[in-house]
Chemist: 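Below is one structure. I have some questions about it.
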Number of protein chains: 2
Amino acid sequence: MESCRPAEADEGLPRKKVVTVARNAASPRDRYRAQVRTEIKEHAWQQIAGAGASALSLNAIAKQMGMTGPALYRYFGSRDELITELVTDAYRSLADTFRAAAADGADLAGLAHALRGWALADPQRYFLIYGTPVPGYHAPDDVTAIAAEIMETLLDAAVAVPARPAGAAGAGEGAEKGAHERSYEKSFEAHLAEHRSWDGGHRATPADLRRALAFWSRLHGVVSLELAGHFTGMGFDAAQFFAAELDGLLDR
Amino acid sequence: MESCRPAEADEGLPRKKVVTVARNAASPRDRYRAQVRTEIKEHAWQQIAGAGASALSLNAIAKQMGMTGPALYRYFGSRDELITELVTDAYRSLADTFRAAAADGADLAGLAHALRGWALADPQRYFLIYGTPVPGYHAPDDVTAIAAEIMETLLDAAVAVPARPAGAAGAGEGAEKGAHERSYEKSFEAHLAEHRSWDGGHRATPADLRRALAFWSRLHGVVSLELAGHFTGMGFDAAQFFAAELDGLLDR
DNA sequence: TTCTTGAGTTAGAGGTTCTAACTGGAAGGT
DNA sequence: ACCTTCCAGTTAGAACCTCTAACTCAAGAA
């Protein structure tokens, strides 16, 4: 992702022969081609998991696959294009796990654990999305669409849970009323109410929007610090910190 | 930071002649050497700010300074060693701004704004510390010491503020009492009480520790997402989101 | 069967980090 | 004042990298 061109993302060279026999989706060559492409990506993921995305080498991948470097340029126009596709796949994977969790009836807590599990399964894949950005790089519309899809699942889960879990943990006495007021929340919600063009006309209330954003950023805070190893020197269990932050998020 | 050796961090080659005239700290050569070193680092920061740390090129720096590539190896043993030193400087810079803010009487909110200001001033510097980690890399004792120093100022500010700001925002009715209970906080604080070997015997209570950690991770969540541009598509003001998260952090 | 397509090859340009050997001037010791 | 040692910066080159151009040659299509 060094040179940062838009990266087209429409796989290597072959282009002209789009229509030959019209139908017939899988010619043997196409199948071979698709298989090699996925094999390249598998090796790429393996390399990324081992040494990070910046250390990804097309030459090394080619060598592992028993061919020479330039051969890969039949399948990906450049190193950046390959990485861009891996980024898109990472987004797709996260969106799918979110969707699957939601389909299984997961609430916000369920999504949270799905997120952490997904992140821990392959830290470098998480950082491919949420790690250090390349200054000039602008993600293709492809990934912004998937990012919106992820946000949508999050918003769905946010509206599903009652704004305050009915009486809450403390229960009983006093309860409701202004219950702590929280004017700053109201303030930011008012701001959100005026700047919610991005939510695709979702039925979420401004309070839901705020909670979804808080959910996202707080969990990202815990998870990214954990994955980056910033807690390793300290003796506590990151999972318990995560659980505490999550509970704090749901308790309101 | 590709190859990930410990990186020694004791500048280039010259080593034997440590004691010549015993005193006399600044020989003209030493001063020249120090000046060139800082000049190299200045160009490095400039490059990092422009294209990220992964795009940092010793050759390019040398060319900018009017010399050939290998000359820089008189000053830094390797590209990794230079980057490691930049990372250390970044930590040092953050620790200093924190210390300065605290010396100016800044409370937790003050530290929060100091952090965000520092991050916005040079996003890539922030990511040099909190961005994508290199898998095999282990930070030298140097930076872990500075990280501990940062945590210490944070803990100082955490103990300075009363556990609950006296009556809180809502004020008056009901107030205190179990005030929402928050058993999950207690739970994690109990865990922290048993795993606080890392805090250097700080006088902070487990509740202070928990709040310092929450402060750190939540603000990192907001700031890193903002710096990485994950909010750009959405129309809201990141500063207001930051303020809301900060207020939520202080209101308890 | 012939023709065309394209996967993979080698050659090479230009980039990188980094090592080795050399040069020349400045600093230090006598 | 001379001599010696040190060292900043040089060139040469090895070993990597991405990526282009031209060429094979086998497999699929006609």
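Residue numbers begin at 1 in each chain, while the letters A, B, ... track the order of the sequences.
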Chemist: Just how far, in rounded Å, is C1' of C:dC18 from CG of B:Leu82?
Modeler: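 Rounded to the whole Å, the gap is 14 Å.
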Chemist: Is the distance between the ring centroids of B:Phe231 and A:Trp216 under 6.0 Å?
Modeler: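 Aromatic pair counts; centres sit under 6.0 Å.
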Chemist: Between A:Asp199 and A:Arg196, is the closest basic N to carboxylate O distance under 4.0 Å?
Modeler: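 The answer is yes: the pair qualifies as a salt bridge.
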Chemist: Does a side-chain N or O from B:Thr68 land closer than 4.0 Å to OP1 or OP2 of D:dG9, or not?
Modeler: no
Chemist: For the helix from C:dT1-D:dA30 to C:dT30-D:dA1, figure out the bend between the end axes, five pairs an end, and round to 10 degrees.
Modeler: 0°
Chemist: Write down the distance between CZ (B:Arg31) and C1' (C:dA26), rounded to a whole number of angstrom.
Modeler: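 One finds 14 Å between C1' of C:dA26 and CZ of B:Arg31, rounded.
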Chemist: Ignoring hydrogens and angles, are the base of C:dG8 and the side chain of A:Arg74 linked by a donor-acceptor pair under 3.5 Å?
Modeler: yes
Chemist: Would you say the side chain of A:Arg29 and the base of D:dG28 hold a donor-acceptor pair, judged only by whether the two atoms sit under 3.5 Å apart?
Modeler: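 Check fails, no donor-acceptor contact within cut-off.
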Chemist: If you compare all heavy atoms of A:Ala228 against all heavy atoms of B:Gly131, which two are closest, and at what distance to 0.1 Å?
Modeler: CB-O, 4.5 Å
Chemist: Minimum heavy-atom separation for A:Asp141 to A:Thr144, with atom names?
Modeler: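 It is O-OG1, 2.7 Å.
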Chemist: Taking CG from B:Asp80 and C1' from D:dC16, how many angstroms apart are they, rounded to a whole number?
Modeler: 15 Å
Chemist: Between atom CG of B:Leu86 and atom CD of B:Gln124, what is the distance when rounded to the nearest 0.5 Å?
Modeler: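 Going from CG on B:Leu86 over to CD on B:Gln124, the span is 12.0 Å.
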Chemist: Are A:Glu85 and A:Arg92 within salt-bridge range, i.e. N to O under 4.0 Å?
Modeler: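 No, A:Glu85 and A:Arg92 are not salt-bridged.
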Chemist: Starting from P on D:dC16, measure out to CG on A:Leu56 and report it in whole angstrom.
Modeler: 17 Å
Chemist: Name the closest nucleotide to the A:Arg79 side chain, picking from D:dG9, C:dC18, D:dC19.
Modeler: D:dC19
Chemist: For D:dT18 and A:Ser57 - does any side-chain N or O of the residue sit under 4.0 Å from the phosphate oxygens OP1/OP2?
Modeler: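 So the side-chain polar atoms of A:Ser57 do come within 4.0 Å of the phosphate oxygens OP1 or OP2 of D:dT18, strictly under.
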Chemist: Tell me whether the OP1 or OP2 atom of C:dG8 has a side-chain N or O from A:Tyr32 closer than 4.0 Å.
Modeler: yes
Chemist: What is the separation between atom CG on A:Leu58 and atom P on D:dC17, rounded to the nearest whole Å?
Modeler: 10 Å
Chemist: Flag this pair as yes if the NZ/CZ of A:Arg116 is under 6.0 angstrom from the six-membered ring centre of A:Phe242 and inside a 45 degree cone about the axis; otherwise no.
Modeler: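 Yes, A:Arg116 lies over the aromatic ring of A:Phe242.
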Chemist: Could you state the CD1-C1' distance from B:Ile61 to D:dG9, rounded to the nearest angstrom?
Modeler: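 So the two atoms are 17 Å apart, to the nearest Å.
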Chemist: Of the nucleotides D:dG9, C:dT17, D:dC23, which has the atom closest to the B:Tyr73 side chain?
Modeler: C:dT17
Chemist: If you only use heavy atoms from C-beta on, which nucleotide in D:dT18, C:dA20, D:dA21 is closest to the side chain of B:Pro70?
Modeler: C:dA20
Chemist: Quick one: which of D:dA8, D:dC19, C:dG8 gets closest to the side chain of B:Tyr75?
Modeler: D:dA8
Chemist: Can you tell me if the side-chain N/O atoms of A:Asn59 get under 4.0 Å from OP1 or OP2 in D:dT18?
Modeler: yes
Chemist: Is A:Arg33 near enough to C:dA7 that one of its side-chain N or O atoms lies under 4.0 angstrom from OP1 or OP2?
Modeler: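 Checking A:Arg33 against C:dA7: at least one side-chain N or O falls below 4.0 Å of OP1 or OP2.
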Chemist: Evaluate the ring planes of B:Phe236 and B:Phe241, with Trp represented by its six-membered ring, and classify them as parallel (under 30°), tilted (30 to 60°) or perpendicular (over 60°).
Modeler: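 Plane angle over 60°, so perpendicular.
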Chemist: Starting from C1' on D:dC17, measure out to CD1 on A:Ile83 and report it in whole angstrom.
Modeler: 13 Å
Chemist: Please confirm whether the shortest side-chain N or O distance from A:Ser78 to OP1 or OP2 of D:dT18 is below 4.0 Å.
Modeler: no
Chemist: Starting from P on D:dT11, measure out to NZ on B:Lys63 and report it in whole angstrom.
Modeler: 12 Å
